[in-house]
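Whatever order the structure lists them in is the order used to number ligands and atoms, beginning at 1.
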Amino acid sequence: MNEPFSGERDSFTSKFGVIAAAAGSAIGLGNIWRFPYVTGENGGGAFLLIYLLFVMAIGLPVMISEFVIGRSAQKNPYGAFRMLAPGRPWFLIGLMGVAAAFMILAFYTTVAGWTLEYFYQALTGNLSGKTDSELTQMFNDFQQGSFRPLLWFLIFMGFTAMIILSGVRKGIEKYTKILMPLLLILLITLCVRSVTLEGSGAGLRFLFNPDFSKITPKVILEALGQAFFSLSIGMGTLITYGSYIRKKENLASSAFYVVTADTLIAIIAGIAIFPALFALGGSPASGSGLVFIVIPAIFQKMPLGDVFALIFFILLAVAALTSTISVLEVIVAYLVEELKMTRRNATVAATLAVSVLGLLTVLSLGSLGNIKILGRNIFGLLEYLTSNIMLPLGGFFIVLFIGWFYSRKKTRDELTNDGELRAGYMPVYMFLVKFAAPIAIAIVFLYSLGILKF
Ligand code: PHE
């Protein structure tokens with residue numbers, strides 16, 4: 001078999017291959033870094049509840065729809081819409097996806113770089129014996145320093161590009177089947193330590209006891225954005241991956257497994273973080289550094305903590321890597337198939353362009369921190385625009401496309417593999433993509449813009 005993703009259409013070799021690659025994309029910093037910090041900033045339990053609702057009612061149908069579009073068109077998102085809806089403006093969704101991919105890579109790889117820094121710090125014994133406030137100080141100094149975050153960013157971007165180019169990607173995906181369960185075991189170990197710390201109960205209550213007075217338009221929009229971001233949906237990542245799925249795989253059940261795994265990991269990360277955070281007397285609303293301060297702090301309170309920290313951060317880096325390659329793949333597939341670039345040139349061009357934006361993004365947390373657009377620094381702006389606006393907007397049009405434009409027969413054929421599988425969920429799925437999901441997204445947008453009031 002050819003190397004996958006080489007420009008020639010190729011496919012994942014097994015059901016597990018599909019799920020592993022899509023889960024590799026979905027599971028990453030979104031679950032372990034972003035979920036806890038966004039949940040912390042948005043009031044805890046009530047946010048979690050809304051998030052779960054969005055994952056099931058909107059996220060799952062969007063993911064299935066992306067798989068349907070990708071596998072039936074066998075193309076990158078832009079090309080897929082051009083082919084399935086010739087002469088119509090649906091291809092704009094594909095272009096927005098490529099733009100979102102650039103923006104996500106810039107801030108995501110920044111955070112991925114932090115995992116390398118912490119791996120390095122653990123390796124050189126620098127986390128050892130540090131108090132909680134020293135760990136906070138260490139994180140802040142690191143960010144302000146600019147040079148190191150920049151270096152790690154570039155190294156991580158380089159790794160991502162190398163994997164896209166070298167064809168070792170399949171190998172990486174093979175290893176994720178071993179490495180991700182290991183990460184899960186470490187996370188569960190962290191949970192055990194976290195909930196057995198004195199005063200941890202408040203953290204569990206924060207996460208699981210919804211306080212509905214905390215719900216605001218902002219909280220709802222953030223929950224929607226986090227659902228999209230964490231599931232890798234709304235920008236065509238899974239259209240691209242869908243195009244590599246073999247004809248005999250069951251798209252809906254694959255999507256269901258990916259959504260379940262992704263959601264479980266996020267919740268487990270929450271159980272690892274919040275009890276410890278409350279036990280240590282920290283504030284849940286301390287922003288994007290939360291996990292990088294709390295997790296080393298928990299490890300400090302465990303036997304062999306330094307070794308665990310070392311393993312944890314390298315596994316987290318791998319989890320991030322299987323996500324960054326899925327984002328870069330969107331840009332590269334577009335450049336190769338639509339602009340007829342070679343895979344090599346496409347990868348180099350995309351990597352250079354992302355690196356320029358990434359440079360500004362990294363510096364926006366340090367020396368360029370005073371540049372504010374819409375009240376946010378560049379990092380915050382990219383994160384906000386992509387997860388809260390572009391991905392949900394992309395998802396909105398993707399479900400509308402399947403619900404109202406694309407032939408229902410073709411959708412059914414794709415979901416049943418031309419009649420081989422049963423798809424008893426079809427009516428529910430069609431209801432979700434036609435009505436529930438697009439209406440819910442529209443309401444969240446209008447509500448958070450203040451146009452709609454309850
Ligand atoms: N879902 C990934 C994560 O949670 C991030 C991602 C977003 C990947 C969008 C692809 C597309 O880490």
Q: N/O to N/O below 3.5 Å, does that happen between Asp262 and ligand 1?
A: no
Q: Would you say the ring centroid of Phe397 lies under 6.0 angstrom from that of Trp404?
A: no
Q: Given side chains that start at C-beta, do those of Leu321 and Phe156 come closer than 4.5 Å, heavy atoms only?
A: yes
Q: Just do the ring pair (Phe, Tyr, Trp, His ring centres under 6.0 Å) check on Phe396 and Phe445 with the steps written out, would you?
A: CA-CA 11 Å; Phe396 176 77; Phe445 274 149; 7.5 Å; no
Q: With a 6.0 Å cut-off on the ring centroids, do Phe35 and Tyr51 count as close?
A: yes
Q: Give yes if a backbone or side-chain nitrogen or oxygen of Leu29 is under 3.5 Å from a nitrogen or oxygen of ligand 1, and no if not.
A: yes
Q: Should Glu414 and Arg71 count as an ion pair when the cut-off is N to O under 4.0 Å?
A: yes
Q: Below 4.0 angstrom from a heavy atom of Ser323, which ligand 1 atoms are there? Numbered from 1 as shown, please.
A: 2 (C), 12 (O)
Q: Should the proximity of Arg34 to ligand 1, defined as any heavy atom under 4.0 Å, be assigned to the side chain, the backbone, both, or neither?
A: neither
Q: Relative to Tyr384, does Arg376 satisfy both conditions: NZ or CZ under 6.0 angstrom from the six-membered ring centre, and within 45 degrees of the ring's axis?
A: yes
Q: Under 4.0 Å from any heavy atom of Asn31, which atoms of ligand 1 are there?
A: 4 (O)
Q: Starting from atom 3 (C) of ligand 1, which protein heavy atom do you reach first, and at what distance in Å?
A: Ala26 O, 3.1 Å
Q: Look at Glu329 together with Arg343 and state whether they make a salt bridge at an N to O cut-off of under 4.0 Å.
A: yes
Q: Is the closest heavy-atom distance from Phe228 to ligand 1 below 4.0 Å?
A: no
Q: Hey, are the side chains of Tyr108 and Val327 touching, using non-hydrogen atoms and a 4.5 Å cut-off?
A: no
Q: Under 3.5 Å between some N or O of ligand 1 and some N or O of Ile104?
A: no
Q: Between Thr237 and ligand 1, is there a nitrogen or oxygen pair with a distance under 3.5 Å?
A: no
Q: Taking the side chain as every heavy atom from C-beta outward, state whether Met138 and Pro296 have any pair of such atoms under 4.5 Å apart.
A: no
Q: Would you say Phe208 has more than 12 foreign heavy atoms packed within less than 6.0 Å of its CZ?
A: yes
Q: Would you check if the distance from the ring center of Phe142 to the ring center of Phe292 is below 6.0 Å?
A: no
Q: Flag Phe229 as yes when one of its N or O atoms lies below 3.5 Å from any N or O atom of ligand 1, and as no otherwise.
A: yes
Q: Need the ligand 1 atom indices (1-based, order shown) with element for anything under 4.0 Å from a heavy-atom of Tyr108.
A: 3 (C), 5 (C), 12 (O)
Q: So is Ser326 polar-close to ligand 1, meaning N/O to N/O under 3.5 Å?
A: no
Q: For Ile27, is at least one N or O under 3.5 Å away from an N or O on ligand 1?
A: no
Q: When you look for heavy atoms under 4.0 Å from ligand 1, do you find them on the side chain of Ser232, its backbone, both, or neither?
A: both
Q: Considering non-hydrogen atoms of the protein only, which is the closest contact for atom 2 (C) of ligand 1, and what is the distance?
A: Ser25 O, 3.2 Å
Q: Would you mind running through ligand 1 and noting each atom that sits below 4.0 Å from a heavy atom of Met235?
A: 9 (C), 11 (C)
Q: Can you sort out which atoms of ligand 1 are near Gly30, meaning under 4.0 Å from one of its heavy atoms?
A: 3 (C), 4 (O), 12 (O)
